[in-house]
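Notes to accompany the following structure.
Along the sequence shown, the residues carry numbers beginning at 1. Side chains included, hydrogens not; waters and symmetry mates left out as well; all remaining heavy atoms used.
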Amino acid sequence: MPKRGSTKQLLIACQMSFDGKSNREIATELGFSEATVSNWRKLEIWKEFETELIKAYKEQALNLESGTPS
């Protein structure tokens with residue numbers, strides 16, 4: 001099994017995590033080991049993706065509250 005994923009795979013994994021999937025579920029779906037997914041979570045790029053996902057989620061929530069379409 002490959003140890004390193006592409007940037008796109010990391011983004012997909014981060015989105016899956018944000019959606020509530022476990023490391024095991026992410027690993028199984030993407031074809032990596034659970035340890036690899038665990039290691040990805042420690043990468044700076046993962047943290048950047050998480051920050052962007054949280055920002056987008058907050059903006060969407062605020063738009064819903066104000067009635068502004070996203």
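For Ser22, the side-chain hydrogen bond (donor to acceptor under 3.5 Å, both in side chains) partners are Glu25, not counting sequence neighbours. Residues passing the side-chain contact (heavy atoms from CB on, under 4.5 Å) test with Thr28 are Arg24, sequence neighbours excluded.
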Show me, pair by pair, the donor-acceptor contacts under 3.5 angstrom made by side chains of residues 42-53, not counting sequence neighbours?
{"residue": "Trp46", "atom": "NE1", "partner": "Glu50", "partner atom": "OE2", "Å": "3.3"}
{"residue": "Thr51", "atom": "OG1", "partner": "Lys47", "partner atom": "O", "Å": "2.9"}

Solution key, residues 6-16 side-chain donor-acceptor pairs under 3.5 Å, sequence neighbours excluded:
{"residue": "Ser6", "atom": "OG", "partner": "Lys8", "partner atom": "N", "Å": "3.4"}
{"residue": "Ser6", "atom": "OG", "partner": "Gln9", "partner atom": "N", "Å": "3.1"}
{"residue": "Ser6", "atom": "OG", "partner": "Gln9", "partner atom": "OE1", "Å": "3.4"}
{"residue": "Gln9", "atom": "OE1", "partner": "Ser6", "partner atom": "N", "Å": "2.8"}
{"residue": "Gln15", "atom": "NE2", "partner": "Asp19", "partner atom": "OD1", "Å": "3.1"}
{"residue": "Gln15", "atom": "NE2", "partner": "Asp19", "partner atom": "OD2", "Å": "3.3"}

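Phe32 has its side chain out of reach of Ile26: every pair of non-hydrogen atoms, C-beta onward, lies at least 4.5 Å apart.
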Worksheet item: So Phe18 and Ile54, side-chain contact (heavy atoms from CB on, under 4.5 Å) or not? Walk me through it.
Response: CA-CA 9 Å; Phe18 192 76; Ile54 291 167; 3.7 Å; yes

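Within the structure, no pair that satisfies the salt bridge (charged side-chain N to carboxylate O under 4.0 Å, His left out) test touches residues 53-63, not counting sequence neighbours.
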